[in-house]
Amino acid sequence: MLVFLVYGSGIIYAYHVPAYPGYDSRYDPLIGGVQIEITGAIFGGPPDLFPYNICSLSFPVKIKGYNPPLDRGFITAGHCVRTGDYIDQPKKLSWFDWSNFIGRVRRNSFPHGGGTTNVDAALIYLAHCPGNYPCTPTRNFKPFIFENNSTPYFGTPDYNREVGITAYITPTKVMEDNVIVHKSGRSTGVTYGIIRQIDAEIQYSDADGNPVTLKPAIYVSRCDKRGVCFYDRHITLPHDSGAVVYIRHLIHSERIGNVYIYHYGAQVIGILVVGPTFGVPTRYFYATWAVLVKERWPDLELVTCGPDIGRCL
Amino acid sequence: MISTILINPINIKANSSDEIVYEVVKKNPNLEITVCNETYVYWQFNYRIFDPPVAVRGPGLNESTYIDKMPGDYLSEKGFIVDMLAAKYDLKHSNWYHYYLFIDSINKEIKPLQDKIFKEKGELGINWIGVWYTIPPSIVVTMYKITNEKVNIVLEYLKPYAKKYNAVVFFIEDYFPASIYEKQGEAVRRFYNKWLPSGSLEWGDGWKEYLKLVEEYYNLTMNIKGWVYAPGIANLPIPPNATFNKEFVEKAVSILRRYAGCEVPLVANFVDYLEGQVEPYGLPKNPSDTLRNTKLETPSLLDLITLFMIIPVAILLPIILVLRKANNNKKRKNFN
């Protein structure tokens, strides 16, 4: 009995913030911002019994040199996962459940064990590759970001609660103090703030306490230091890591009867990785540059819904 | 030599040159220490008082508000300048994708200009030239040690674009000329980082020494696990509401310079140690951390059934069957 009690304690695996409504639903095809659950691989092989972490999906990629549909991948924050981990979306229903399995982590730029990196990202390969058997695709994706309608936007809610990814852009100094970005992640949904810095350098610890430096990083705040804030709720919470950070643009509006409907597009700029240790509600976060994913892994193609903007509605 | 700069609202000089409106904005650090190159000191809790209040307009907003005070840190001043100029020139914002692309196209048009100025007139202390996403567009030049001469040189290059797009031109003082930006990054890293012979990374000796100084002056031990800085900007943690202490600042800058060197100008930005601490937001949380309304996830019914019924049965049943078989064999043997 004692053995079972000890074993049973392991089932309470994660102490985490509840998901923002809508973010822990199952998405097929996969889209940015929604929840994933991470299960370790035992000695790099079979999955552990229970997941150990929860994070958010960032944006879809295609791997050059692979034939469709086995060329699909999705990006998340590198510190969330380790290479070989098993990923479920939104979660494993039980320890033997494979119905929500979307793939394993193939690449990780985060230096677990300490070191320095210019991007904190990981690639989830959207396929099931059991042993020596050929891989089979798991789930499709689309270049959109999930937005929950109940969150405060700068602007109005998108008509179908999904914003199309129109581009991946490089942060520039001219954006500082001048551009508002939104983020969509599983713990706090859609929130927004101002880009204060695009070239911050962060020194922090990995899960084992080893120092890691990340440079460059984008500093986004919902307030200025004089205490003037856009809104008074968390801009981020733990497990938002991997959330996609984007400039949200109005791409289409029309009037139907007395109602206006709006469609927005997203220029992806970053992946949320770091938040404040103290201060409630949280006021800021840091994001790693999204375009550096492509620089790190040139064989990845960052997927957009364009160039025809009509496909982004 | 140490010279204290008066804490005033930003020095602004409005000009018009051949029908082009331009502004020159200079910064006001709390202190400028010139012992070892220039170190510009900012102290978050040294609030700047505006009497009368100053109009500001945040990004994305089309209405102005008035503020009567502002924290004294570097980023607050930087943001304040942008907001103040937006209010003064009634700059508006658009959320439309096509307007954003329009500004991007001007940015692309202007970008080669910086290289051209560098080539023909020297670097002039320019950090970057770009266009803010405002209506009308505003062309911005950030420059180290702004002088009228340098402004006039750059204006000659910008005039055609300012006229073409009916743009206002802003010259904003900053401390990071593009020509030494990389060196400013290296200098700050020498203070914060230390690479061991084994190749592993740890907090730099300068940073540790600074934390000891804080302990000595403020009797506060800071156990900081995550911190942020930037090229040319050394963010230095201080206790909340700490009053400006010139002696402490001089000692801190002396430590910073001992490790960062004297080659490049730096900003010593003293900020709240609680506000500035960071951590990754994707690591499993410590169960004792209830700071952010964390709650324990309850196992699903399926997990409980698996745990207390399926697994015990799966393990115990074969054992029972094997034992029963062995027992039966034993009985049969005894019977025979």
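Here is how names work: the chains are called A, B, and so on, in the same order as the sequence lines, proteins then strands, and each is numbered from 1.
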**Message:** For Ser221(A), which atoms come within 4.5 Å of any heavy atom of chain B: side chain, backbone, both, or neither?
**Reply:** neither
**Asked** Does NZ belonging to Lys78(B) count more than 12 external heavy atoms closer than 6.0 Å?
**Response** yes
**Asked** Which bit of Val212(A) is near chain B, if near means a heavy-atom gap under 4.5 Å: side chain, backbone, both or neither?
**Response** backbone
**Message:** Working note: Asn95(B) + Tyr262(A), criterion side-chain hydrogen bond (donor to acceptor under 3.5 Å, both in side chains); need CA distance, chi angles, decisive distance, verdict.
**Reply:** CA-CA 12 Å; Asn95(B) 209 9; Tyr262(A) 300 96; over 6 Å; no
**Message:** Less than 4.5 Å to any heavy atom of chain B: does that hold for the side chain of Leu272(A), its backbone, both, or neither?
**Reply:** side chain
**Message:** Need one label for His98(B): side chain, backbone, both or neither, based on atoms under 4.5 Å from any heavy atom in chain A.
**Reply:** neither
**Axial cation check for Tyr264(A) ring with Arg248(A), 6.0 Å and 45° limits** = yes
**Item:** chain B contact via Asp206(A) - side chain, backbone, both or neither, heavy atoms under 4.5 Å
**Value:** backbone
**Item:** Ion pair check, Glu176(A) and Lys173(A), cut-off under 4.0 Å
**Value:** yes
**Item:** Side-chain H-bond candidate by donor/acceptor type, Asn127(B) with Tyr175(B), under 3.5 Å
**Value:** no
**Asked** Crowded around Lys92(B) NZ? As in, over 12 foreign heavy atoms under 6.0 Å?
**Response** yes
**Under 4.5 Å from any heavy atom of chain B - which part of Ala200(A)** = both
**Asked** If you measure only the distance, is there a donor-acceptor pair under 3.5 Å linking the side chains of Asp120(A) and Tyr286(A)?
**Response** no
**Side-chain ion pair, Arg186(A) and Asp24(A), N-O less than 4.0 Å** = no
**Segment of Ile194(A) engaging chain B (4.5 angstrom heavy-atom cut-off)** = side chain
**Asked** Excluding sequence neighbours, so at least two apart, what forms salt bridge (charged side-chain N to carboxylate O under 4.0 Å, His left out) with Lys215(A)?
**Response** none
**Message:** Quick check on Trp96(B) against chain A: is it the side chain, the backbone, both or neither that has a heavy atom closer than 4.5 Å?
**Reply:** both
**Asked** Relative to chain A, which segment of Ile233(B) carries a heavy atom at a distance below 4.5 Å: side chain, backbone, both, or neither?
**Response** side chain
**Request:** Against chain A, label Asp272(B) side chain, backbone, both or neither, depending on which of its atoms sit under 4.5 Å from a heavy atom there.
**Result:** neither
**Message:** At a heavy-atom distance under 4.5 Å, which candidate from His249(A), Gln267(A), Gln203(A) has the highest pair count against chain B?
**Reply:** Gln203(A)
**Request:** Identify which part of Trp195(B) has an atom lying under 4.5 Å from any heavy atom of chain A, answering side chain, backbone, both or neither.
**Result:** side chain
**Asked** Non-hydrogen atoms of chain A under 4.5 Å away: do they reach the side chain of Val82(B), the backbone, both or neither?
**Response** side chain
**Request:** Examine whether an atom of Thr116(A) lies under 4.5 Å from a heavy atom of chain B, and if so say whether it belongs to the side chain, the backbone or both; otherwise answer neither.
**Result:** both
**Prompt:** Judged by modelled atom types alone, do Tyr192(B) and Asn235(B) share a side-chain donor-acceptor pair under 3.5 Å?
**Reply:** no
**Check: Asp73(B)/Ser76(B) side-chain N/O donor and acceptor closer than 3.5 Å** = yes
**Message:** Is Val131(B) close to chain A through its backbone or its side chain, or both, or neither, when contacts mean heavy atoms under 4.5 Å?
**Reply:** backbone
**Asked** Relative to chain B, which segment of Phe230(A) carries a heavy atom at a distance below 4.5 Å: side chain, backbone, both, or neither?
**Response** side chain
**Item:** Heavy-atom contact with chain A under 4.5 Å, split by part of Ile139(B)
**Value:** neither
**With sequence neighbours excluded, residues passing salt bridge (charged side-chain N to carboxylate O under 4.0 Å, His left out) with Arg222(A)** = none
**Request:** Check whether Tyr273(B) gets within reach of chain A through its side chain, its backbone, both or neither, counting any heavy atom under 4.5 Å.
**Result:** neither
**Request:** Pick whichever of Ile247(A), Asn178(A), Asp240(A), Ile202(A) has the most heavy-atom pairs under 4.5 Å with chain B.
**Result:** Asn178(A)
**Message:** So which residue, Gly114(A), Ser205(A), Ser187(A), ends up with the most heavy-atom pairs under 4.5 Å with chain B?
**Reply:** Ser205(A)
